[in-house]
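Beneath this line is the structure, given in structure tokens, with notes to follow.
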Amino acid sequence: MTSRSDRLGKFFDLVLSACVERIVASPAARNAIHAGVRFNTKPDFLNRHTALFLQYLSDPSIKTLCNGQHLRDIVEVMIEPRTLWNAFMKAFQANALTEPAVQAFTWLVIECLTHASANEADMVDDAQTVVSSGSLLKSTSPETRAYGHKLKQVLELKASNTFMEKSDYVPGGRHGNDHVDFRQIAIYPTNDESCSVEKPFYRRADEILQLPIEKRVAGHLDNQFRLLREDMLSDIREELQAVKGRKKRRTVTTLKGLSVKEIFNGTERRMTPCGLVITCLQGLEALKARDKEGRKAFLKNDRGYLRHQSFGCLLRGKEIVSFATVDRQIDYLLEDEPKIVLRIIGDDAVRKTLSYFKLYSDLMFLFVDTAVFAYEPILKRLQEKAELPLAEDLLNYQRDSEISSSNIIEERLIKDLDHGVRTLQDVLTSEKPINLDSSQMQAFVSGLTQKVSLIQGPPALFDHSKEAMLVMCYTNHALDQFLEDLLDIGITSSAVVRLGSKSSQRIMPLKLSEQHSSNRRTQASYRILDQIKEKSRELREVLNGAFGTYFNFKINPDTILEYLEFEEPHFYEALTPPVDPEGMTLVGEGGREVTSQYLYNHWVQGKNYPTAISSHLSEQANSVWQTSKSSRQAKVESWTKLLLEEQVANVQGLMSRLDRCEERRGELWSETTREILRTKRIIGCTTTGAAMHARDLGAISPGIVLLEEAGEILESHVLTALGSHTKQLIMIGDHQQLRPKINNYNLSVEKGSGYNLNRSLFERLVLSGFPHSTLAKQHRMVPEVSSLVRNLTYPELLDGDKTMNRPAPRGLQDRVIFIGHSYPEGSLGEVADRNDIGGKGSKQNPFEVQLVLRIVRYLGQQGYGTDRLVVLTPYLGQLYLLREELRKETDPILNDLDCYDLVRAGLMTQASAQHIKRPIKLSTIGRR
């Protein structure tokens, strides 16, 4: 039952939420706040009134509204312009603030820094002044000291100077996208960056651990970002080499003869981020060859064609113009002249793209089959992180030192465990018996009592704590399997929600899209939506007009002279004919009238000023006519670009404002999602999904993060999943099996260069001596199989009773069979396996494929359905051959990663293998 205090707390939260929503929904209320906080900025008023309002806003329930956007709106009203901020700073430095006012101001500083953009360096400087005073950490108030520590941590994470002193290998200066502060680095590469031959800046893992502790967290996040981004870039570079013909990998889809026609932003009912609508003279032949009905059927049946959100690159020759994703708008593709919608990534890239479309006619779009969707959310989240929970354990653990303890579990359960309980069914009120051996009990207890634990054990955290739990896996398959296990042990499905679009049949009802919220949107919320809708409508009209001006923009003498009159008056004077006092018409060559256009053309062609009328020019204007023809051409090009930049900047600025409206509207609509998440105790998602839903999860702030297959998850994926309220991290995995998958071998542990990108957080902590529980008994493999891994890796592994006396496989002499042969392997062209560094092609062996096919047939004759068979191979080329042979009689099921690699290598189309025969699991090793 809910206690009376809990009910009062929820009622108070509702009142706060309603009040804040009404303020945000009312322009008059926002104006009143704007004026009110500036009405009196003397210390007495700040202490007695303004600080109380800040304390009101600091209530945690307010920050959960609309993913914190409502709070950010109010804070922006208060601090821009900086009248109030400066008044608080002055009062703080004069020691004129009361203790509650100091806390309120420090909260405001933290809130502003957490969401400050890169150009708000003055805020960081002021915050540093506050911390450097020492008064926060020396305060007798625990609350003030807590705020001081929080502000200090935020500043440390924002620090950019984390590289070792006296080193000439530092970030910055290699190209326009090489910055000291990693938060300023554009996630996608620029053309200058792609042309740079200098080694990017990133550091070895041991260098990070040598940093002073106050710089280590910032340095670690910095390095994780740089290494992960380099892993993504290596994949993009490889693909660009392929599409440019330097490396044969696959059939490349290329769109040529491009021209931009309009801007698409969805409809009033369903807004989308702005995209450029582009016609293509070449590349859409598959559509142009069909009539409208044929196109419609084709696009419906082949969703891989111009796949929504597929990634690509706009090029002019070898120059990268911008990166973009496809917005698959069917209506445009069905037009007589089919058009594609591209969402250009980045404001600078939008401006460059619009300029290039106006200046050049030879742009082309290349589809780059790189899994950027698996990188971009993580990289963005790393740049946004303003704090790192559990940092002391994750980055400053000393071997044999004491482990940080957790207090989120009920004391009664801990006492029961301390008394040596072995049968947990009664303690945990589980529907099924739970019997643990000594190693399992040790792992179980450490998982309940430590802030960071590397273990495996039953889900007592669900029944004996009030914390929400974020359960994450790297793959969708592993996540569904884990959630099914939770259901099997008695956890009610109503307490679980699954994020993401893919799921197993059993988990389908747990998907977010299948959940319903009973919470209704308030009138204030609807008013805010109406305001956004009206603002969007106005912006769309202005944008359409601005784009029309840009679209019709042409350079002519009149346009340039209009610009010169105000920007470069001496040029304007030089190109403007004198006024004859007697009203006579001045004539030049061939008896033509001397007009501004006549003079401009004369000047551009490199001719001299007509001597008969040159005496009126000033010395500065006369010098304009003394320049060379090449200098004049360069000047015209400069004016053309400047005039075009004005048009482009106007269009891009309006697109950006419209996108912010769409983002704000999306935040309001997704409040329903957050309401659903708040009602759940267990939230399941992949690590990429956690980064994509970072804001929603941040509003929920799960206290417990639990990772399955933690040894196969990149550390950056784990760090981005830790929110401000994370109290406990539990990692389940095995560092002696598979490592995380990366693309760049040079960054791997195996390469030996020390960057260790594919060393998981799980493995890193184990190797550092962090206490971990190793289960002594396995309950899956029969002894004949477990003996293999026992001799290789786990010498003390014991077999559970359930693994004994299992029925022998039908039709086989043994459980483990090795087959040898002398048929040589072949090579599949230039389709290389990523881990086979230096290999010219992936390996194939047709004899082994036929052997596998016959074994599958034979096992089928023994009564084993193909849905119970798995075929593994280490080589992509062999995977392709196996699939081609097996699909003749069965339907080989490939996981997402193997499908991606085959499509990327040009060995499979997105639309293939849609029919179902008899399924058989087919995979490369390590992709279960």
Side-chain angles (χ1 to χ4, degrees), residues 435-440 443 454-458 473-475 477-478 480-482 484-485 488 708-712 732-739 741 762-763 766 772-821 835 845 848-849 851-875 878-879 882 886 890 892-895 897-898 919-928:
N435 299 303
L436 305 183
D437 59 35
S438 58
S439 66
Q440 288 174 320
L454 317 177
I455 57 133
Q456 182 175 4
C473 301
Y474 181 62
T475 63
H477 174 72
D480 288 338
Q481 204 167 46
F482 193 88
E484 288 177 14
D485 289 342
D488 288 340
E708 166 71 330
E709 296 182 342
E712 300 179 41
I732 304 171
D734 190 343
H735 63 289
Q736 293 179 301
Q737 295 189 32
L738 296 173
R739 284 196 170 105
K741 175 184 176 292
F762 186 97
E763 181 183 6
V766 170
H772 60 284
S773 302
T774 302
L775 301 185
K777 187 177 292 185
Q778 65 88 18
H779 302 272
R780 294 183 179 182
M781 299 173 282
V782 293
E784 292 90 335
V785 176
S786 66
S787 65
L788 297 176
V789 295
R790 183 181 300 111
N791 292 329
L792 290 172
T793 312
Y794 308 96
E796 298 179 0
L797 184 66
L798 302 176
D799 297 318
D801 294 339
K802 293 182 180 180
T803 67
M804 308 295 182
N805 302 319
R806 289 180 180 172
R810 296 187 292 272
L812 299 178
Q813 293 182 344
D814 206 343
R815 297 182 187 274
V816 179
I817 300 173
F818 291 93
I819 301 175
H821 66 82
N835 292 329
N845 193 307
E848 288 184 6
V849 170
L851 184 62
V852 169
L853 182 60
R854 284 162 174 74
I855 292 173
V856 168
R857 287 176 184 163
Y858 177 75
L859 292 175
Q861 293 168 353
Q862 308 309 310
Y864 294 108
T866 52
D867 59 332
R868 300 179 64 187
L869 303 180
V870 177
V871 178
L872 300 177
T873 175
Y875 303 115
Q878 190 74 343
L879 181 71
L882 283 166
L886 290 173
T890 68
I893 299 174
L894 297 169
N895 67 26
L897 297 174
D898 285 325
I920 180 171
K921 186 71 178 294
L922 182 62
S923 176
T924 49
I925 292 175
R927 296 179 177 179
R928 301 182 293 279

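Keep in mind that the numbers below use all heavy atoms, side chains included, and drop hydrogens, waters and symmetry copies. In this chain, numbering begins with 1 at the start of the sequence shown.
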Just verifying a value: how many Å separate [X] [atom1] and [Y] [atom2], rounded to the nearest 0.5 Å?
X	Y	atom1	atom2	answer
Leu812	Arg810	CG	CZ	10.0 Å
Thr873	Glu848	OG1	CD	8.0 Å
Tyr474	Glu712	OH	CD	9.5 Å
Leu454	Asp734	CG	CG	11.5 Å
Lys741	Thr475	NZ	OG1	13.0 Å
Glu784	Arg806	CD	CZ	10.5 Å

Atom of [X], atom of [Y] and distance for their closest heavy-atom approach:
X	Y	result
Ser786	Asp799	OG-OD1, 2.8 Å
Asn845	His821	ND2-CE1, 3.6 Å
Val856	Leu869	CG1-CD1, 4.1 Å
Tyr864	Ala808	OH-O, 4.5 Å
Gln878	Val849	NE2-CG2, 3.5 Å
Cys473	Phe482	SG-CB, 4.3 Å

query: Hey, which of Leu853, Leu851, Val852 is the one that makes side-chain contact (heavy atoms from CB on, under 4.5 Å) with Ile855?
result: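 Among the candidates, only Leu851 passes.
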task: Let me see the working for Leu788 and Met781 under side chain to side chain contact (heavy atoms under 4.5 Å, CB included), right down to the final yes or no.
output: CA-CA 10 Å; Leu788 297 176; Met781 299 173 282; over 6 Å; no
- prompt: Heavy-atom count around Asn805 CG within 6.0 Å, excluding the residue itself: above 12?
  reply: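 Incorrect, the count does not exceed 12.
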message: Just checking Gln862: does its CD atom have more than 12 heavy atoms from other residues, nucleotides or ligands closer to it than 6.0 angstrom?
response: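 Yes, because the 6.0 Å sphere around CD of Gln862 holds more than 12 heavy atoms from other groups.
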query: Are Tyr875 and Leu882 close enough that some pair of their side-chain heavy atoms sits under 4.5 Å apart?
result: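 Answer no - side chains too far apart.
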